[in-house]
Amino acid sequence: MSRDHVNQADLVRFADERVNLKREDAAELRAQANRLRDKLEGYLADHPDFALKKMLLSGSLAKGTALKSISDIDVACYIASESAPEKIADLIEWLAKKLETAFPNFKPEQIKRKTYSVGVNFISTGNEVDVVPILYDGDPEWRGHLISQETGEKLMTSVPMHLDFIRKRKAENERHYAQIVRLLKFWCQLRKQEDEKFRFKSFMVELIVAYLADRGLALDDYASALAKIFAYLANDDFETVIAFDDYYDPGECAASTDPVRIWDPVNCENNVATLYTPENKSRISEAALDAGDAIDSALRAITKGETVRYWQKVFGPTFNP
Ligand SMILES: Nc1ncnc2c1ncn2[C@@H]1O[C@H](COP(=O)(O)OP(=O)(O)OP(=O)(O)O)[C@@H](O)[C@H]1O
Ligand SMILES: [Mg+2]
């Protein structure tokens, strides 16, 4: 039995050592983002009419799904819509200027205009906070138009509601939901390294795991959970429309001819996977088929060496229990 060679404890140890962002590092990065948030609050206390209303840690650091290889800290910045320029390039320039005003201690070169966001660089640590604009009209649930970091499109959504959605899934599968997501994100990262055309957005991974867990998939045995998720991806080939009843009735989701349909849990007119082509889709299904086969083989292998070699097909050469 190959659980003797690679067991749950080995997978947990691998995750801790190679996959997960360490708790202390996450705390430090969060603290850095929160210092910016507090600075903005301080500025707003003296300038209540200022157009930037709030900063909120979004992304994987807020959700507890960050990998060790995390590259930037995502922060959503709520902007009073009436004062913001319409065109994205103008909006970014305008946001950068507002950030320069609110954070006068930052040197100009620390505030970097990007295509759809503004990077704020901390010299001491080299970390970059990616400030993503959300056009905001005062909704109490902090719904607003998020500027898509992929297309610059304005997407009606709510980051705090996303965080609640994920928090709920984490509470239902304590430790395991976030761990399965991180292991899958790590797998995606390896696939991207070997195939530049492979893409599988983190938020999509999180929503698929939530969808399967909501329908009874057990997440506490990682080998078995991963094998089942890969089998689902390979067999379903994104035929199933993914939607959630937390904030709307999935029956009301817009009909869509997009190849992959994964509706935003707070807005069933926003397909999180709208950019995914049939080619993107089949690359994920094919990679999932290989990964599922490798785990099945690992579970049947006789020797330790053979078992580890199969797991390495999934998690790469650093998997070495
Ligand atoms: N298409 C979208 N529609 C609605 N919200 C989105 C969309 N894309 C991103 N978001 C919001 O931005 C957050 C971060 O997105 P994403 O999952 O791409 O990155 P991440 O969780 O920070 O992962 P990574 O570790 O890859 O950086 C999501 O949790 C969600 O709140
Ligand atoms: Mg991120």
Side-chain angles (χ1 to χ4, degrees), residues 15 19-22 25-26 29-30 32-33 54-78 114-117 119-120 127-136 141-170 177-193 198-210 242-244 246-248 253-254 256 258 260-276 280:
V19 175
N20 303 344
L21 179 66
K22 291 230 177 317
D25 295 339
L29 293 174
R30 272 191 211 107
Q32 211 149 38
K54 172 189 167 95
M55 286 177 119
L56 174 71
L57 194 61
S58 56
S60 57
L61 261 183
K63 294 179 284 188
T65 52
L67 299 189
K68 199 188 260 311
S69 57
I70 188 168
S71 57
D72 52 14
I73 309 170
D74 305 307
V75 165
C77 182
Y78 287 84
K114 305 201 208 172
T115 317
Y116 303 125
S117 66
V120 176
N127 296 327
E128 183 161 288
V129 172
D130 211 12
V131 180
V132 174
I134 296 188
L135 302 172
Y136 175 66
E141 309 265 27
W142 295 91
R143 283 192 191 79
H145 285 96
L146 170 77
I147 304 302
S148 160
Q149 292 304 290
E150 288 145 330
T151 60
E153 222 188 324
K154 293 171 187 160
L155 307 173
M156 171 52 80
T157 195
S158 165
V159 170
M161 287 162 81
H162 287 162
L163 297 181
D164 273 348
F165 174 93
I166 299 288
R167 219 171 279 134
K168 209 166 130 200
R169 271 63 190 185
K170 286 172 77 174
Y177 172 79
Q179 191 57 75
I180 289 290
V181 164
R182 297 207 239 202
L183 286 166
L184 287 168
K185 284 172 63 171
F186 186 85
W187 170 78
C188 288
Q189 209 171 49
L190 292 175
R191 303 292 76 79
K192 281 176 200 158
Q193 282 164 16
F198 183 92
R199 56 190 299 192
F200 198 179
K201 190 181 161 68
S202 299
F203 197 33
M204 287 166 58
V205 170
E206 289 170 347
L207 294 177
I208 291 169
V209 177
I242 292 189
F244 298 91
D246 298 54
Y247 302 113
Y248 53 73
C253 290
S256 163
D258 287 345
V260 182
R261 290 136 302 165
I262 301 178
W263 297 108
D264 182 337
V266 311
N267 173 6
C268 62
E269 291 179 6
N270 174 32
N271 180 8
V272 173
T274 191
L275 295 175
Y276 282 64
N280 297 140

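Both backbone and side-chain heavy atoms feed into the values below; hydrogens, waters and symmetry mates do not. Counting convention: from 1, in listed order, for ligands and their atoms alike. A quick note: this is a predicted structure, and the numbers were derived from the prediction, not measured.
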Under 4.0 Å from a heavy atom of [X]: which atoms of ligand 1 are those, numbered in the order shown and with their elements?
X	value
Lys185	23 (O), 24 (P), 25 (O)
Asn270	3 (N), 4 (C)
Lys63	14 (C), 17 (O), 21 (O), 28 (C), 29 (O)
Leu146	5 (N), 6 (C), 10 (N)

task = Taking the Mg ion (ligand 2) as the centre, count the protein N/O/S atoms lying under 2.8 Å from it.
result = 1
[X] to [Y] - nearest heavy-atom pair and separation:
X	Y	value
Asp130	Asp72	OD2-OD2, 3.6 Å
Pro265	Leu207	CG-CD2, 3.7 Å
Lys185	Ser60	NZ-CB, 3.6 Å
Trp263	Glu269	CZ3-C, 3.5 Å
Pro160	Tyr78	CD-OH, 3.3 Å
Leu183	Ala15	CD2-CB, 4.2 Å

Among protein heavy atoms, which lies nearest [atom], and at what distance?
atom	value
atom 14 (C) of ligand 1	Gly59 CA, 3.7 Å
atom 17 (O) of ligand 1	Phe203 N, 2.9 Å
atom 8 (N) of ligand 1	Lys201 NZ, 3.0 Å
atom 31 (O) of ligand 1	His162 ND1, 2.6 Å
atom 19 (O) of ligand 1	Ser202 CB, 4.2 Å

request  = Give a yes-or-no answer on whether the side chains of Thr157 and Asn267 include a donor-acceptor pair shorter than 3.5 Å.
outcome  = no
inquiry  = For ligand 1, which is the ligand I care about here, please tell me if Asp74 has any N or O atom under 3.5 Å from one of the ligand's N or O atoms.
reply    = yes
inquiry  = Can you confirm, on distance only, whether ligand 1 has an N/O atom lying under 3.5 Å from any N/O atom belonging to Ser60?
reply    = yes
Side-chain ion pair, Arg169 and Asp246, N-O less than 4.0 Å =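 Judged by the 4.0 Å cut-off on N to carboxylate O distance, Arg169 and Asp246 do form a salt bridge.
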inquiry  = Tell me whether the rings of Tyr136 and Trp142 are parallel (<30°), tilted (30 to 60°) or perpendicular (>60°).
reply    = parallel
key: Rounded distance (nearest 0.5 Å) linking atom CG of Leu135 with atom CE of Met156   =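 Reported value, rounded in 0.5 Å steps: 9.5 Å.
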May I ask you to test the [X]-[Y] pair for a side-chain heavy-atom distance under 4.5 Å?
X	Y	value
Ile73	Leu57	yes
Lys63	Val181	no
Val266	His162	yes
Arg143	Met161	yes

query = Counting heavy atoms only, which of Leu207, Val159, Leu155 comes nearest to atom 2 (C) of ligand 1?
reply =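 Among Leu207, Val159, Leu155, the closest heavy atom to atom 2 (C) of ligand 1 comes from Leu155.
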query = Are any non-hydrogen protein atoms located under 4.0 Å from atom 12 (O) of ligand 1?
reply =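 No.
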query = Mind checking whether Thr65 has a heavy atom under 4.0 Å from ligand 1?
reply = no
query = Is there a heavy atom in Asp264 that sits closer than 4.0 Å to ligand 1?
reply = yes
key: Gln149, portion touching ligand 1 at heavy-atom distance under 4.0 Å   = neither
